[in-house]
Amino acid sequence: MRELINEILSLVAPKLQSLGFEEGTWERLVGPSTVSGSLSDVAMPCHSLSPAMRKSPLDIATEISSEISDCLEGIADVSSLNGFVNFSATESWLSTRVENLAPDSRLGVSLDDQRVIAVDYSAPNVAKEMHVGHLRSTVIGDAIVRMLEFKGHIVHRENHVGDWGTPFGMLIEHLLDIGEGEVAGEKGISDFDLFYKQARTKFDENPEFAERARSRVVKLQSEEEETLRLWNVLVNVSTNYFNEVYSMLGVLLTDEDLMGESAYRHLLPNVVDRLTEIGILENSDGADVVFLGGNWVNRDGEPFPVMIRKADGGFNYSTSDLACIIDRVERLGCDDLLYVVGTPQKQHFEMVFEVAKRSGFMNQEHRAVHVNFGSVLDSDGQMLKSRKGQNVKLVDLLREAVTRAELSISEKNPDLSGDERKNVARMIGIGAVKYSDLSSDRTKDYVFDWDRMLSFEGNTAPYLQYAHARICSIFSRSGIGRESTLGTRIQLNTPEERALAKTLVTFPEAVDYSTAGLYPHRLCTHLHSIASSFASFYEVCHVLDEDDEVKSSRLAMCDLTARALSLGLGLLGIDCPERM
RNA sequence: GCCCCCGUAGCUCAGUCUGGACAGAGCAUCGGACUUCUAUUCCGCUGGCCGCAGGUUCGAAUCCUGCCGGGGGUGCCA
């Protein structure tokens with residue numbers, strides 16, 4: 001309703017000024033109505049004006065209401081209640097807004113001033129399985145990328161895979177033990193958990209192996225040719241596997257976006273040099289660290305440092321993240337750095353960002369944000385595990401989603417078969433998993449529940465997808481083309497049509513609100529209210545058996561609704577089938 | 001110990017940034033609606049000391065303080 005608010009503000013300003021309301025004292029009071037129902041769309045509480053005006057809020061509201069209602073003729077109906085001035089959009093204002101939306105492929109969503117933004121997300125580890133933990137980062141990050149791109153920004157997807165470090169000594173030696181041929185080419189590693197665990201066990205229990213692993217780390221770090229080649233075998237097998245998962249999930253990540261830890265290894269000494277030059281690096285117990293002071297203390301109450309170089313000369317992830325910041329700011333020219341990483345790493349990012357600011361790696365113009373998210377829990381509130389108590393493999397989870405969706409649709413719509421059924425099952429199953437993740441506040445933990453996410457009722461992907469499919473069905477059954485609705489006069493004769501129109505007209509602000517805060521669930525909430533108001537509309541407002549004017553108006557509303565759902569779900573990385 | 005986050009209907013969640021009207025959805029329960037563009041859905045009923053206690057304010061789920069309960073972080077893993 002921000003457009004209505006803007007119109008109200010500009011139209012009533014002269015009148016209020018003549019009534020003695022000083023400029024700057026009342027404008028911010030005008031906002032979206034907080035009361036449910038059809039009482040009003042926009043409201044202005046007058047209570048805070050009471051002392052200065054030396055009148056009761058009720059009197060002020062009544063006076064304003066009667067004085068300004070003429071200024072808003074045809075735009076909003078004005079009334080007052082309980083000291084609030086209430087503005088209710090007129091049918092003609094609403095229908096004009098809907099008509100203006102129709103020809104716009106962006107459905108009214110504007111472009112922002114362009115920024116260059118790096119979004120760091122997914123980040124699985126080479127030679128390790130992808131678990132549910134990676135699901136949230138991948139799904140949330142991908143939605144944020146899509147939303148930011150749609151708003152006109154230049155987005156660099158950054159998949160900061162864990163492809164470097166001491167574990168690779170044992171992993172490479174284990175690879176040699178089982179034979180390179182066993183994992184080469186198409187074969188791949190069938191069980192990454194097992195592969196990693198076997199390497200780990202040998203490292204812990206077999207001194208000879210541990211020694212080989214340690215010397216292999218040295219060779220890797222000195223970039224010995226054969227060792228790098230073996231390392232690459234592991235990297236390739238893993239990234240092929242990641243790509244399979246990404247393709248199943250339907251996310252944007254490709255090999256182009258891979259920018260693993262190894263890519264920054266040559267920059268690490270540079271980080272140390274620059275920190276030394278600035279003079280904030282200190283030696284503590286043999287390690288090079290930065291002390292930030294403030295509230296950062298360890299469990300003994302002593303200053304807690306950012307570890308830059310360990311006592312053994314090795315680097316760890318703070319250094320790598322600082323190198324990343326330098327690279328993204330200086331090479332890619334990023335304005336914003338977003339990190340879609342779990343909440344437990346909050347303190348880490350706060351400290352790294354602080355070091356980067358103090359060291360001049362970022363300046364006031366740069367915005368670094370830890371886009372944090374909570375854990376995935378089961379219905380008992382525990383971290384989600386498989387029946388055997390293992391971490392749930394992401395591929396298994398995705399396969400189960402599709403299987404469950406296919407089961408559900410073959411029950412509900414036996415007409416769908418073959419490839420179409422498979423395809424629809426994929427869209428519904430994957431969409432359900434993504435949507436259930438995206439639809440609640442990412443910063444909180446969320447409860448994973450198959451039955452709820454795959455339900456056709458409630459705030460779920462299938463419910464939104466079904467609304468979309470119903471609309472497609474109207475057009476395909478009637479043989480009327482979607483484009484024929486362009487330029488149609490909109491009539492909003494029933495409460496259901498008006499309610500639907502309001503959700504469509506406020507779609508752009510929902511997208512903006514969601515994108516600005518990097519909170520996909522805000523868009524989900526709005527899409528659900530579109531689908532829900534459409535369902536009510538659909539129940540009451542027949543389309544095809546009406547006379548021409550009503551019919552074409554309603555067809556246009558249907559078309560817009562479908563486009564809003566499809567565009568909105570698209571921004572979340574979710575497909576909508578035309579039949580389901 | 002210190003720091004951070006969470007606590008809203010039986011369940012899952014919005015709303016907290018930027019204070020406004022009787023705190024909203026969905027699910028579940030219960031009661032209704034299928035010769036239809038539609039039941040893969042819709043309509044209605046029921047359901048709340050917004051963790052507790054103070055404070056600020058004309059007005060607090062929202063801001064401040066202190067508690068209680070749960071979770072996370074707290075130097076050479078990432």
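The basis for the numbers below is simple: all heavy atoms, side chains too, and nothing from hydrogens, waters or symmetry mates. Protein chains get the first letters and strands the later ones, always in sequence-line order, with residue 1 at the start of each.
- Distances from the side chain of A/Ala43 to the nucleotides B/A21, B/C58, B/C76 place B/A21 closest.
- Here A/Phe84 lies parallel enough and close enough to stack on the base of B/A21, with planes under 30° and ring centres under 5.5 Å apart.
- A/Asn459 comes within 4.0 angstrom of sugar-phosphate atoms only, judged by non-hydrogen atoms across all strands, and of no base.
- In A/Glu546, the CD atom is crowded: over 12 heavy atoms of neighbouring residues, nucleotides or ligands sit closer than 6.0 Å.
- For the P atom pair drawn from B/C11 and B/G7, the interatomic distance equals 15 Å after rounding to whole Å.
- The phosphate of B/A21 has OP1 or OP2 within less than 4.0 Å of a side-chain N or O from A/Thr34.
- Taking only side-chain atoms of A/Ser284, from C-beta outward, the nucleotide of B/A25, B/G75, B/U12 with the closest atom is B/G75.
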Apply ring-ring contact (aromatic ring centres under 6.0 Å, His included) to A/Phe534 and A/Tyr538, showing your working. CA-CA 6 Å; A/Phe534 173 75; A/Tyr538 194 60; 5.4 Å; yes
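- Heavy-atom neighbours of A/Lys412 NZ from other residues, nucleotides or ligands within 6.0 Å: above the threshold of 12.
- Among the heavy atoms of the strands, none lies under 4.0 Å from A/Asp312.
- Summarising the base pairing, B/U35 is matched to no nucleotide, lacking a Watson-Crick or G-U wobble pair whose two defining distances lie under 3.5 Å.
- Base pairing annotation: B/A14 forms no Watson-Crick or G-U wobble pair, as no partner gives both donor-acceptor distances under 3.5 Å.
- Residue-level contact check: A/Asn86 touches the bases, meaning some heavy atom is under 4.0 Å from a base atom.
- Nucleotides B/U18 and B/C63, compared at atom C1', are 11 Å apart to the nearest Å.
- Among the protein residues, A/Val35 comes within range of the nucleic acid bases, having at least one heavy atom under 4.0 Å from a base atom.
- Here the shortest heavy-atom pairing between A/Val126 and A/Leu234 reads CG1-O, 3.8 Å.
- B/G15 and B/G32 are spaced 31 Å apart, taking the C1' atom of each and rounding to whole Å.
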Residue pair A/Tyr264, A/His160: steps toward the ring-ring contact (aromatic ring centres under 6.0 Å, His included) verdict: CA-CA 10 Å; A/Tyr264 300 95; A/His160 195 67; 5.5 Å; yes
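- Side-chain N/O atoms of A/Asp451 and base N/O atoms of B/A28 include no donor-acceptor pair closer than 3.5 Å.
- For the contact set between residues 317-324 of chain A and RNA chain B, defined by any heavy atom under 4.0 Å, the members are A/Tyr317.
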Polar atom pairs (N or O), protein with nucleotides 37-46 of chain B, under 3.5 Å:
unit_1, atom_1, unit_2, atom_2, d
B/C37, N3, A/Val543, N, 3.3
B/C37, N4, A/Cys541, O, 3.1
B/C37, N4, A/His542, N, 3.0
B/C37, N4, A/His542, ND1, 3.4
B/C37, N4, A/Val543, N, 3.1
B/U38, O4', A/Tyr538, OH, 3.1
B/U38, O2, A/Arg470, NH2, 3.3
B/U38, O2, A/Glu539, OE1, 3.1
B/U38, O4, A/Tyr538, O, 3.4
B/U38, O4, A/Glu539, O, 3.3
B/U38, O4, A/His542, NE2, 2.5
B/A39, OP1, A/Tyr466, OH, 3.3
B/U40, N3, A/Met580, O, 3.3
B/U40, O4, A/Asn413, ND2, 2.8
B/U40, O4, A/Met580, O, 2.6
B/U41, OP1, A/Phe456, O, 3.0
B/U41, OP2, A/Glu457, OE2, 3.0
B/U41, O2', A/Arg470, NH1, 3.3
B/U41, O2', A/Arg470, NH2, 3.2
B/C42, OP1, A/Tyr463, OH, 2.5
B/C42, O4', A/Glu539, OE1, 3.2
B/C43, OP1, A/Ser536, OG, 2.6

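- With P as the reference atom, B/C17 and B/C6 are 12 Å apart, rounded to whole Å.
- The side-chain tip of A/Lys128 does not point at the ring of A/Phe192 from less than 6.0 angstrom away and within 45° of straight on.
- A/Tyr446 comes within 4.0 angstrom of the backbone, heavy atoms only, and of no base.
- Comparing the P positions of B/G66 and B/A23 gives a spacing of 29 Å, expressed to the nearest Å.
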Would you tabulate the nitrogen or oxygen pairs shorter than 3.5 Å linking the protein to nucleotides 14-16 of chain B?
unit_1, atom_1, unit_2, atom_2, d
B/A14, OP1, A/Asp441, N, 2.5
B/A14, OP2, A/Lys444, NZ, 3.4
B/G15, OP1, A/His521, NE2, 3.2

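- Contact annotation: A/Arg299 does not reach the phosphate of B/C3 (side-chain N/O to OP1 or OP2, under 4.0 Å).
- Annotation: A/Gln345, atom CD; neighbour count of heavy atoms from other residues, nucleotides and ligands within 6.0 Å is above 12.
- With B/A21, B/C2, B/G73 as the choices, the nucleotide that has an atom nearest any side-chain atom of A/Gln347 turns out to be B/G73.
- By the 4.5 Å heavy-atom criterion applied to side chains, A/Phe507 and A/Leu527 are counted as neighbours.
- The main-chain N or O of A/Arg563 is never found under 3.5 Å from a side-chain atom of A/Ser566 such that the two would form a donor-acceptor pair.
- Across all strands, A/Pro305 comes closer than 4.0 Å to base atoms (heavy-atom distances).
- Pairing for B/C77 is absent, judged as Watson-Crick or G-U wobble with the two contacts each under 3.5 Å.
- Regarding contacts with the backbone of B/C77, a side-chain N or O of A/Lys310 is found under 4.0 angstrom from either OP1 or OP2.
- Separating the P atom of B/G54 from that of B/A61 is a span of 14 Å, rounded to the nearest Å.
- Along RNA chain B, the nucleotide nearest to A/Val297 and the one nearest to A/Glu261 differ in position, and the one closer to the 5' end is contacted by A/Val297.
- Between B/A14 and B/U8, the two P atoms lie 11 Å apart (nearest whole Å).
- With respect to A/Asn493, the side-chain hydrogen bond (donor to acceptor under 3.5 Å, both in side chains) criterion is satisfied by exactly one of A/Gln491, A/Glu496, A/Glu497: A/Gln491.
- Across all strands shown, B/A60 remains unpaired; no Watson-Crick or G-U wobble contact has both distances below 3.5 Å.
- Comparing B/C22 with B/G59, their C1' atoms sit 15 Å apart, to the nearest whole Å.
- The base-pairing partner of B/G7, taking Watson-Crick or G-U wobble contacts with both distances under 3.5 Å, is B/C68.
- Using a 4.0 Å heavy-atom criterion, one finds that A/Ala123 contacts no nucleic acid atom at all.
- Note on A/Ile471: nothing from the nucleic acid sits closer than 4.0 angstrom, heavy atoms only.
- Between A/Arg200 and A/Leu171, the closest side-chain pair of non-hydrogen atoms is not below 4.5 Å.
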